[in-house]
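The next block holds one structure in the form of structure tokens; read it before the comments.
These numbers come from a predicted model, not from an experiment. Values reported hereafter were calculated over all heavy atoms of this structure, with side chains retained and with hydrogens, waters and symmetry mates removed.
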Amino acid sequence: MGLEKVGINVKLGVDIDPACEFPYTHNNDADFLLESVEQLEVEKLKYYFGENNIRLLAGCAPCQTFSTYNQKASPLDKRWSLLKEFSKFIKSVQPELVTMENVPKLIGKKYLGILLNQ
């Protein structure tokens, strides 16, 4: 919604949680895809970009993994790998702009380096 408020033409939101669909579609004039980013095919994502001049790929790090409230978080949490999936989309789609939600504790983790060096 914040992106639309500043004039960005949002085309698609993707989330694995069905509870996200209503708030997303209610607050955005864009399609919603109920799918895991681990299963999302790059071609499907590219379809939504179309022939736009400037493409923005926005992602959100898995907050539960990085949250200071999650006392059980560990390097074995499989959600860390979602950063690699996001990196895969960056490499394949090659958008002009990329943004990711600033989640506390993400900076300084080896996974941020993996994302940036893909």
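The two residues L57 and F49 have their closest heavy-atom pair at CD1-CZ, 4.2 Å. Nearest approach of I8 to L56, heavy atoms of both residues: CD1-CD2, 3.9 Å.
Rounding to the nearest 0.5 Å places CG of L33 at 5.0 Å from NZ of K44. If you take CZ on F89 and CD on E41, they are separated by 9.5 Å, rounding to the nearest 0.5 Å. How far CG of N9 is from NZ of K11: 4.5 Å, rounded to the nearest 0.5 Å.
Residues that satisfy the side-chain hydrogen bond (donor to acceptor under 3.5 Å, both in side chains) test with D15, not counting sequence neighbours, are absent from this structure. In this view, E4 satisfies the salt bridge (Lys or Arg N to Asp or Glu O under 4.0 Å) rule with no residue, not counting sequence neighbours. Q39 meets the side-chain contact (heavy atoms from CB on, under 4.5 Å) test with E35, S36; sequence neighbours excluded. For E43, the salt bridge (Lys or Arg N to Asp or Glu O under 4.0 Å) partners two or more places apart in sequence, or in a different chain, are K46.
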Which pairs of donor and acceptor atoms, one on a side chain in residues 16-25, lie under 3.5 Å apart (sequence neighbours left out)?
| from | atom 1 | to | atom 2 | distance (Å) |
| --- | --- | --- | --- | --- |
| D17 | OD1 | A19 | N | 2.9 |
| Y24 | OH | L12 | O | 3.4 |
| Y24 | OH | G13 | N | 3.1 |
| T25 | OG1 | E21 | O | 2.9 |
| T25 | OG1 | F22 | O | 3.3 |

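Side-chain contact between V37 and F86 is absent, with no heavy-atom pair separated by less than 4.5 Å.
R55 places a side-chain N or O within 3.5 Å of a backbone atom of Q94 that can act as its donor or acceptor partner.
No chain of hydrophobic side-chain contacts below 4.5 Å, direct or via other Ile, Leu, Val, Met, Phe, Trp or Tyr residues, connects V14 to M1.
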